[in-house]
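We use all heavy atoms of the structure for the numbers below, so side chains are in, but hydrogens, waters and symmetry mates are not. So that the names make sense, note that chain A is the first sequence line, chain B the second, and so on, each numbered from 1.
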Amino acid sequence: MKSRLKVLRAEHDLSQAALAEKLEVSRQTINAIEKEKYDPSLPLAFKIGRLFGMPIEDIFMED
Amino acid sequence: MKDTLKHTAEEHPASSPHRSKETKVTVRSAAWCLIWAISLTLTEIVISNQLIPESLFWPVALFPAVLSVWMFYQYYLFYVGVDEFVRKIQSDGLIIGFGLGMFILIIFSCLSSLGIPGPNASDMLVVFALCYVVGQLSRTLSYSR
């Protein structure tokens with residue numbers, strides 16, 4: 001699954017560690033999502049959406 | 001919205017409550033694995049060298065088995081306590097480790113028909129422990145690339 005997480009994180013001037021802390025996940029999780037090696041669970045995807053104030057389909061897209 | 005999200009890494013030290021809870025369950029689980037491995041080794045040394053009275057053989061021999069229940073419980077707490085990505089690495093690694101362990105045991109089993117001695121329970125323990133490590137390492141490396 002493609003993701004705009006890296007772009008959004010950069011736009012909000014957040015480090016991977018800071019974003020991970022806000023989402024209560026490990027930095028490796030953020031890294032893996034950004035590298036498109038891991039698809040987040042629905043609860044985590046919704047949490048990311050809420051954090052950036054966007055619907056999840058604007059953050060995550062099918063390949 | 002940007003202001004509410006604007007935080008730098010400095011404002012989020014690694015020792016946050018969430019991270020410290022994860023670290024705690026991870027260290028505790030690893031520590032109990034180590035304690036269990038030491039108890040198993042000591043038990044084997046004590047019994048094989050007959051360092052205790054014969055009446056204590058059974059309770060001492062079974063002590064690592066009792067301890068293993070607590071060790072697996074600590075591993076379970078670690079598994080449910082870490083975040084979803086670490087959990088996925090664990091699950092993937094366990095599947096690979098189990099498959100690899102079974103494969104090695106099947107090879108031993110097939111070779112036993114040729115007269116080669118098969119593995120005993122201690123060998124199987126070592127095989128599965130090593131396969132677990134291989135599984136975890138392979139998945140960790142694959143996701144971190």
Side-chain angles (χ1 to χ4, degrees), chain A, chain B residues 1-31 33 74-97 132-145:
Chain A
M1 196 161 62
K2 293 210 172 297
S3 129
R4 287 186 59 222
L5 192 60
K6 194 173 183 174
V7 176
L8 288 169
R9 186 171 61 76
E11 280 174 8
H12 292 88
D13 195 22
L14 282 165
S15 66
Q16 282 188 344
L19 181 60
E21 186 56 39
K22 283 184 174 296
L23 296 168
E24 296 190 332
V25 295
S26 64
R27 193 195 58 77
Q28 287 77 7
T29 306
I30 303 299
N31 188 48
I33 295 170
E34 287 184 356
K35 284 185 173 174
E36 294 166 11
K37 289 193 168 194
Y38 173 64
D39 296 335
S41 65
L42 268 178
L44 179 57
F46 277 115
K47 216 169 175 181
I48 293 169
R50 265 199 310 276
L51 189 73
F52 290 111
M54 297 168 82
I56 55 173
E57 58 267 33
D58 288 350
I59 303 172
F60 300 102
M61 294 127 243
E62 273 186 309
D63 277 328
Chain B
M1 197 260 300
K2 201 168 179 174
D3 286 341
T4 60
L5 275 173
K6 198 163 185 175
H7 290 280
T8 59
E10 289 77 37
E11 290 169 305
H12 292 273
S15 59
S16 66
H18 169 68
R19 300 299 303 158
S20 61
K21 187 192 159 211
E22 277 197 13
T23 308
K24 207 169 159 184
V25 288
T26 305
V27 170
R28 196 183 292 163
S29 170
C33 284
Q74 291 301 322
Y75 177 75
Y76 169 76
L77 291 182
F78 156 72
Y79 184 83
V80 298
V82 290
D83 80 327
E84 60 182 52
F85 179 58
V86 179
R87 208 175 302 140
K88 176 160 176 56
I89 292 176
Q90 285 293 320
S91 317
D92 289 3
L94 279 169
I95 291 163
I96 291 171
Y132 167 77
V133 172
V134 170
Q136 294 304 315
L137 279 177
S138 73
R139 294 321 288 160
T140 304
L141 291 174
S142 130
Y143 279 120
S144 62
R145 252 185 242 135

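Across every non-hydrogen atom of B/Val86 and A/Ser26, the tightest pair is CG2-OG, 4.2 Å. When every heavy atom of B/Lys88 is checked against every heavy atom of A/Tyr38, the shortest pair comes out as CD-CE1, 3.4 Å.
Heavy atoms from other residues, nucleotides or ligands lying under 6.0 Å from NZ of A/Lys47 number more than 12. Heavy-atom contacts from other residues, nucleotides or ligands closer than 6.0 Å to NZ of B/Lys24 number 12 or fewer.
Taken from CD1 in A/Ile33 to CZ in B/Phe85, the straight-line distance is 8.5 Å, to the nearest 0.5 Å.
Contact annotation for A/Pro40: both backbone and side-chain heavy atoms come within less than 4.5 Å of a heavy atom of chain B.
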